[in-house]
Amino acid sequence: MSLSKQPIKGARDFYPEDMRQREYIFAVWKEVCELFGYEAYDAPILEPTDLYLTKGSEEIINEQTYSFKDRGDRNLTVRTEMTPSVSRMVAARRQELAYPLRLYSIPQCWRYERMQRGRGREFYQLNVDLFGDESLNAEVEMIEISDTVLRKFGAKRSMYEIKLNSRKLIDGFLTDELKLDKTQADTIRRLIDRMHKMATPAFTAQVENTLSPTQRDDGALDKLLAFLKADSLEHLPGSVRSHQSVDDLKRLMRDLEGLNITNAVFDPTLMRGFDYYTDIAFEVFDTDPQNNRSMFGGGRYDGLVGAFGVDPIPTIGFAMGDITLQNFLRSHGLAKEIPSTTDVYLFSVGDTVDETMGVARELREMGVGVATDVTDRKPAKKIKNAVKMGVRYALIVGEDEVQNRQYTLKNLKSGTEGKYSTQRIVSIVEDYRAG
RNA sequence: GUGCCUGUAGCUUAGUAGGUUAAAGCGUCGGGUUGUGGCUCCGAAGAUCGAGGGUUCAAGUCCCUUCAGGCACCCCA
């Protein structure tokens with residue numbers, strides 16, 4: 001029995017061409033975050049299991065994480081997300097950090113899930129968090145960053161839609177208006193989350209089931225349906241239209257419009273897992289009918305830092321996974337060929353091995369990335385190889401070149417070639433890199 | 001975790017009602033062209049038919065199990 005050549009279930013190998021895609025995505029993420037003044041941080045990939053238990057949901061820990069006991073008998077869990085870790089870090093230095101605090105990270109996370117398209121067990125995720133700004137400006141900033149990232153990848157605003165909702169609004173409606181208790185509210189919220197997947201009668205039946213007779217007589221179902229039907233803030237029932245959250249959402253949308261972010265819509269059915277979200281949440285959807293799914297989202301979670309026993313800090317953040325993003329880019333034809341990181345494929349022709357290596361060293365000293373090929377293979381093969389690797393230039397060192405110290409540089413994209421000194425080659429490569 | 005579908009060379013697939021040496025294209029490698037790729041011609045390598053077990057004189061083809069992938073559910077932190 002030979003060893004398996006496959007990576008473990010749900011995990012990916014990154015060969016150079018995959019790695020280039022990944023590096024490209026990370027580079028865009030990093031660039032945008034840094035444009036907005038966010039700074040990079042990192043945390044261990046292993047955390048105490050307790051860190052994830054604080055949010056409740058024991059089944060998630062048991063069934064959907066990689067958890068184990070280490071040799072010191074500690075219960076550890078491979079991180080499934082970054083938010084608990086960054087909250088822990090901020091809580092630990094609560095007093096000394098400078099606020100508003102802007103942090104980003106691109107961690108690899110692991111979730112023990114059943115495989116499906118766009119959902120593996122291992123993924124990278126951009127995490128962007130803003131601590132210490134309770135104003136709506138923070139919401140605007142989060143969404144503006146999300147929008148900027150997508151547009152840096154070449155996306156048009158028609159390719160995605162930003163759905164907005166407020167947990168405060170929903171909760172206020174469910175408890176004040178419908179008079180539901182907490183358990184009922186949780187159940188209803190979960191139902192709303194799934195309502196697009198259910199037939200309407202099934203949905204209403206289950207809602208009715210949750211309601212008490214008094215609530216039913218009170219017309220709670222109809223009120224709920226009227227609420228959920230609202231496709232804009234103006235269409236909300238009059239009774240909730242004066243809620244503070246409605247004003248917040250209105251202002252948020254007005255601000256976004258001011259930034260030309262016109263693809264943001266209010267959606268009262270948007271729920272987003274919702275365990276630690278406390279107020280406004282948003283989620284970005286792919287508008288392509290082939291891939292019409294949620295790509296990523298975020299929201300305000302003011303309670304998490306305080307869970308570590310320090311004074312709470314208002315916090316908002318979002319996270320974007322690399323797999324869903326790649327699906328989005330592909331479905332809209334935005335995926336790019338990324339050229340090799342090697343500038344020059346340098347090869348010998350004839351008995352010029354020493355000279356070839358010498359030229360390579362000379363170029364490297366001047367900052368050019370050089371891969372050498374001094375095998376006996378035919379020049380045709382060497383060029384083919386360079387093309388396959390995605391290298392832009394082939395550089396040929398044969399007898400003639402050695403004599404004149406002028407080497408044949410071939411642009412593999414255009415097919416043109418000429419003989420140049422190493423100095424000249426460096427500047428040609430630099431020009432190409434510059435764009 | 002539940003249900004359904006899929007699994008043949010690196011890739012895409014063909015394989016007759018189960019019958020001897022499993023086929024093709026692309027790709028790979030070599031050669032025509034010993035200093036030049038994306039064209040063309042010739043040739044070669046490459047598959048214990050995902051794996052394990054069973055039925056049968058005989059299984060890629062039927063049955064069971066298992067692994068992997070896809071879809072729906074669950075979940076989506």
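Below, read A as the first sequence line, B as the second, and so on, with proteins coming before strands; counting in each chain starts at 1.
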Taking pairing as Watson-Crick or G-U wobble with both contacts under 3.5 Å, can you name the mate of B:C49, or confirm there isn't one? none
For atom CZ of A:R433, decide whether the heavy atoms of other residues, nucleotides or ligands shown that lie under 6.0 angstrom number more than 12. yes
Could you work out the separation of B:C75 and B:G15 based on their C1' atoms and round it to a whole Å? 42 Å
The side chain of A:T65 is closest to which nucleotide in this list: B:A77, B:G1, B:G37? B:A77
Atom-to-atom span, NZ of A:K384 to P of B:C29 - whole angstrom: 6 Å
Among the candidates B:U28, B:A77, B:G35, find the nucleotide nearest to the side-chain atoms of A:K388. B:U28
As its Watson-Crick or G-U partner within any shown strand, both distances under 3.5 Å, B:G25 has B:C11
Give me the distance, rounded to whole Å, that separates B:U13 from B:C73 when you measure between the P atoms they each carry. 26 Å
Please name the nucleotide paired to B:A17 by Watson-Crick or G-U wobble geometry with both distances under 3.5 Å, or report none. none
Regarding A:T408, tell me which of base, sugar-phosphate or nothing describes its non-hydrogen contacts under 4.0 Å with the strands shown. base
What about A:R119: does its side chain form a donor-acceptor pair under 3.5 Å with the base of B:C75? yes
Do A:R377 side-chain and B:U34 base share a donor-acceptor contact under 3.5 Å? no
Counting side-chain heavy atoms from CB outward, which of B:G35, B:U36, B:C4 is closest to A:V349? B:G35
Report yes if at least one side-chain N or O of A:K381 is closer than 4.0 Å to OP1 or OP2 of B:G38; otherwise report no. no
Which base sits across from B:G35 as a Watson-Crick or G-U pair, both distances under 3.5 Å? none
Is the phosphate of B:U36 approached by A:K410 (side-chain N or O, under 4.0 Å from OP1 or OP2)? no
Distance check, C1' atoms only: B:A68 and B:A58, in whole angstrom units. 30 Å
For the residue pair A:Y104 and A:N127, confirm or rule out a side-chain donor-acceptor distance under 3.5 Å. no
What is the separation between atom OH on A:Y52 and atom P on B:A77, rounded to the nearest whole Å? 14 Å
Expressed as a whole number of angstroms, how long is the span from A:Q206:CD to B:C73:P? 14 Å
Roughly how far apart, to the nearest Å, are B:A24 and B:C62 at atom C1'? 27 Å
Residue closer to the 5' end of RNA chain B, A:N385 versus A:T83 (nearest nucleotide): A:N385
Gap in Å between the two P atoms, one belonging to B:C11 and one to B:C74, rounded: 34 Å
Find the distance A:R293:CZ to B:A72:P and express it as a whole number of Å. 7 Å
Of the candidate nucleotides B:G1, B:A77, B:G37, which contains the atom at the shortest distance from the side chain of A:L412? B:G37
Sugar-phosphate only, base, or nothing, as touched by A:G10 at under 4.0 Å among non-hydrogen atoms: sugar-phosphate
Per nearest nucleotide of RNA chain B, the residue lying toward the 5' end, A:R114 or A:R190, is A:R114
Taking OP1 and OP2 of B:C74, is either one under 4.0 Å from a side-chain nitrogen or oxygen of A:R194? yes
Identify the nucleotide, in any strand shown, that forms a Watson-Crick or G-U wobble pair with B:C62, with both distances under 3.5 Å; if there is none, say none. B:G54
Any side-chain donor-acceptor pair under 3.5 Å between A:T422 and A:E362? yes
Using the C1' atom as the point on both nucleotides, what is the distance between B:G19 and B:G7, in whole Å? 24 Å
Using atom C1' of each nucleotide, how far apart are B:A47 and B:G60 to the nearest Å? 11 Å
Tell me: CZ of A:F296 to P of B:A77, nearest whole Å? 14 Å
When you measure from the side-chain N and O atoms of A:Q116 to the phosphate of B:A72, is any distance below 4.0 Å, counting only OP1 and OP2? yes
Does A:E401 make a side-chain donor-acceptor contact with the base of B:G35, cut-off 3.5 Å? yes
Looking only at B:G32, B:U28, B:G37, the nucleotide nearest the A:A380 side chain is B:G37
To the nearest Å, how far apart are A:K197 NZ and B:C74 C1'? 8 Å
B:U36 and B:G31: how far apart are their P atoms, nearest whole angstrom? 14 Å
State whether the number of non-hydrogen atoms from other residues, nucleotides or ligands found under 6.0 Å of A:E208 atom CD is greater than 12. yes
Just how far, in rounded Å, is P of B:G69 from CE of A:M115? 5 Å
A:D176 side chain to A:H243 side chain, donor-acceptor N/O pair below 3.5 angstrom: no
Under 6.0 Å between ring centres: does that hold for A:F131 and A:Y99? no
Scan A:D400 against the nucleic acid and name what it touches under 4.0 Å (heavy atoms): base, sugar-phosphate only, or nothing. base
Write down the distance between CE (A:M195) and P (B:C73), rounded to a whole number of angstrom. 15 Å
Whom does B:G69 pair with, Watson-Crick or G-U wobble, provided both distances fall under 3.5 Å? B:C5
Whether the A:Y160 and A:D147 side chains hold a donor-acceptor pair (N or O, under 3.5 Å, no angle test) is what I'd like checked. yes
Indicate, with a heavy-atom threshold strictly under 4.0 Å, whether A:G415 touches base, sugar-phosphate, or nothing. base
Side chain to side chain contact (heavy atoms under 4.5 Å, CB included) with A:S245: which of A:N165, A:I280, A:I170, A:L169? A:L169
In terms of side-chain heavy atoms, does A:T408 have a donor or acceptor partner in A:E417 at a distance below 3.5 Å? no
Searching all strands shown, indicate the nucleotide that pairs with B:G30 (Watson-Crick or G-U wobble; both distances under 3.5 Å). B:C42
Over all strands shown, is A:K382 touching base, sugar-phosphate only, or nothing at heavy-atom distances under 4.0 angstrom? nothing
